[in-house]
Colleague: 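There's a structure below that I have some questions on.
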Number of protein chains: 2
Amino acid sequence: MDRQQIDTVRRFNRTVTQRIGALEDGYLHRGRPLGEARFLFEIGPDGADVQQLRDRLNLDSGYASRLLRSLERQGLVTVGRDAEDGRRRRVMLTETGLAEFAAYDGLSDELAGSLLASLTEAHRARLVAAMADVERLLKAGGIVLEIEPSDSADARWCLEQYFSELAARFEEGFDTALGASPDEVLVAPPDGAFLVARLDGRPVGCGMLRRDGEVIGEIKRMWVSPSVRGAGLAGRLLARLEEIAREFGWTHVRLDTNRALAEAQAMYRKAGYRPIDRYNDNPYADFWFEKAL
Amino acid sequence: MDRQQIDTVRRFNRTVTQRIGALEDGYLHRGRPLGEARFLFEIGPDGADVQQLRDRLNLDSGYASRLLRSLERQGLVTVGRDAEDGRRRRVMLTETGLAEFAAYDGLSDELAGSLLASLTEAHRARLVAAMADVERLLKAGGIVLEIEPSDSADARWCLEQYFSELAARFEEGFDTALGASPDEVLVAPPDGAFLVARLDGRPVGCGMLRRDGEVIGEIKRMWVSPSVRGAGLAGRLLARLEEIAREFGWTHVRLDTNRALAEAQAMYRKAGYRPIDRYNDNPYADFWFEKAL
DNA sequence: TCCATTACCTGACTTTAGTCAGGTAACCTT
DNA sequence: AAGGTTACCTGACTAAAGTCAGGTAATGGA
């Protein structure tokens with residue numbers, strides 16, 4: 001990897017952790033131990049399960065319990081049984097707890113504001129834009145792609161998101177019965193592959209490759225969660241699916257798309273796909289593309 | 001301040017501390033307590049004084065001493081008297097210490113690399129550029145401007161940097177005797193002001209305002225350290241000097257500049273300065289500007 | 001119905017980080 | 001040469017963070 005890029009990243013890490021870290025110290029815990037403050041903040045106005053808190057903050061169960069007792073003693077939270085599962089416990093902020101939360105929220109705003117405070121409006125806008133970019137791309141870098149059965153829980157979840165987005169965006173609506181062909185129920189090597197993209201373990205995108213003739217593959221069900229758009233995930237999914245197709249020994253991949261999905265078309269073209277004639281009877285397809293591998 | 005900007009900054013803080021923090025944990029200390037690891041890394045291949053280390057890492061003197069003893073016991077450092085001042089102690093890495101340092105250095109590279117690893121070349125370039133921007137502007141936001149006597153240690157240091165830069169950039173060289181007029185020896189309100197810009201206590205820029213007639217001020221000695229250029233510091237200095245002039249009740253400010261300093265001219269024009277006729281006999285001046293306040 | 005599992009809890013610990021008071025030797029000023 | 005200051009040290013302490021073993025009650029499956 002490029003020496004200069006590495007150096008820039010290291011300088012970035014240094015400056016950012018220094019500047020943000022310095023502000024957070026003794027500022028974001030209001031006289032409370034940092035662990036407690038983070039715990040309280042993580043509970044949030046809507047409450048949370050102890051379990052959620054434990055794995056969001058990566059805490060030992062004993063430690064979490066102790067923090068909870070401490071907050072309870074301070075009158076900041078109440079702990080009750082979960083209605084559905086009596087073992088599980090639900091934490092809610094009390095009146096006072098909510099006030100504390102609001103105070104932390106305000107401090108976070110202040111902290112963020114203080115990073116911008118002494119800049120001119122133009123530079124401030126530039127900083128915020130750069131931060132948004134860094135955030136988006138850093139997130140993107142943490143996304144991992146995995147092949148898995150197309151009927152796994154996460155795969156199903158992604159498909160649900162995908163279909164409901166199609167229903168919202170297609171002028172003609174979307175009916176799963178017409179658009180989702182039955183033979184795709186389970187896609188697996190060597191006749192295809194279903195790819196799930198995950199960020200910190202949570203699915204944020206998917207894509208599917210399926211055999212369509214001896215040496216041709218069809219790409220379908222490409223979906224990227226709105227929370228990570230604009231960071232090239234679609235391109236990565238596409239590239240990975242093509243790679244898989246190549247490994248299967250296929251020579252071409254093709255796909256169809258609807259006129260409502262303009263950004264998808266643009267991406268396919270940029271990735272080297274060329275328009276071809278209709279090759280299927282998908283009622284929702286308006287354009288057909290192909291690429292030689 | 002803009003709600004949307006604040007939210008972007010908060011999202012940025014969250015994502016960055018999560019992603020970088022997660023990687024640093026248990027990665028950047030090689031089984032050693034974090035404090036020790038940072039101390040070792042800070043010593044560096046060239047060694048350092050205990051004092052330097054103490055205030056770079058903000059450590060209590062007792063604590064620093066203890067860390068030092070621990071590293072010594074592990075055979076990673078040697079501590080010797082300073083040649084010039086017997087009280088002061090100089091820390092050097094041993095052979096093993098150097099190897100450890102190199103390991104940390106490598107890990108930092110790896111960490112940086114891992115943030116870029118799964119991105120495409122184009123997105124990687126975009127991320128690095130955005131990081132550079134964030135770093136530059138975040139630094140800029142930490143810079144504070146202060147009025148102080150033009151003969152303070154930091155003011156003198158800035159002027160030295162300024163003059164040596166002029167000497168390097170002017171085609172005709174620069175001779176302090178000709179360019180620095182004697183009556184500016186000490187500039188102070190209400191006849192002018194010397195501004196020093198500091199980042200984390202270290203001077204990174206300066207600018208001076210001096211009475212030139214009843215209601216006119218002259219701006220001189222504008223200098224910005226190369227380490228913080230491109231983040232609008234010159235503009236901030238200029239704006240602040242104008243503000244001061246306005247407070248003095250002056251109606252105009254003017255200044256001169258050399259043909260070699262093209263970026264300065266551009267900045268003055270953008271800030272509303274208009275070319276005027278020669279108003280002084282500065283042998284190094286090629287252009288003269290004025291602005292009504 | 002029994003038994004393994006799960007979610008959470010308590011008590012007893014350790015490590016890390018950091019503070020504070022008081023000391024010694026080197027240095028600096030007068 | 002005396003007295004204050006500085007740089008570093010040691011010992012005694014504390015708080016925070018985190019780990020581990022063993023427990024209890026609710027749940028789920030055979």
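All values below were derived from every heavy atom in this structure, side-chain atoms included, with hydrogens, water molecules and symmetry-related copies excluded. Reminder, nothing fancy here: chain letters follow the sequence lines and each chain counts from 1.
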Colleague: Atom CZ of Arg81(A) and atom P of dT6(C): how far apart are they, to the nearest Å?
Modeller: 18 Å
Colleague: Using the ring of each side chain (for Trp, its six-membered ring), is Phe41(B) parallel, tilted or perpendicular to Phe101(B), with breaks at 30° and 60°?
Modeller: parallel
Colleague: Sugar-phosphate means primed atoms, P, OP1 and OP2; the rest is base. With that split, encode nucleotides 6-11 of chain D 5' to 3' as B, S or - using protein heavy atoms under 4.0 Å.
Modeller: BSSBBB
Colleague: Quick test of your reading of the model: are Arg87(A) and Asp85(A) salt-bridged, counting only N-O distances below 4.0 Å?
Modeller: yes
Colleague: Leu67(A) CG to dT19(D) C1': how many Å, rounded?
Modeller: 14 Å
Colleague: Base, sugar-phosphate, or nothing: which does Leu34(B) touch, judged by heavy atoms less than 4.0 Å apart?
Modeller: sugar-phosphate
Colleague: Less than 4.5 Å apart, any side-chain heavy atom of Val9(A) and any of Leu111(B)?
Modeller: no
Colleague: Could you label the plane-to-plane angle of the Trp157(B) and Trp223(B) rings as parallel, tilted or perpendicular, counting under 30° as parallel and over 60° as perpendicular?
Modeller: perpendicular
Colleague: Closest-nucleotide mapping onto DNA chain D: is Pro33(A) or Ala83(A) further toward the 5' terminus? I mean the 5' end.
Modeller: Pro33(A)
Colleague: Is it true that Asp7(B) and Arg3(B) have a side-chain N and a carboxylate O under 4.0 angstrom from each other?
Modeller: yes
Colleague: Whole Å only: how far is the CG atom of Leu57(A) from the P atom of dG18(D)?
Modeller: 10 Å
Colleague: Tell me the interatomic distance from Asp82(A), atom CG, to dA25(D), atom C1', rounded to whole angstroms.
Modeller: 15 Å
Colleague: Heavy-atom count check: over 12 atoms from other residues, nucleotides or ligands less than 6.0 Å from Arg14(A) CZ?
Modeller: no
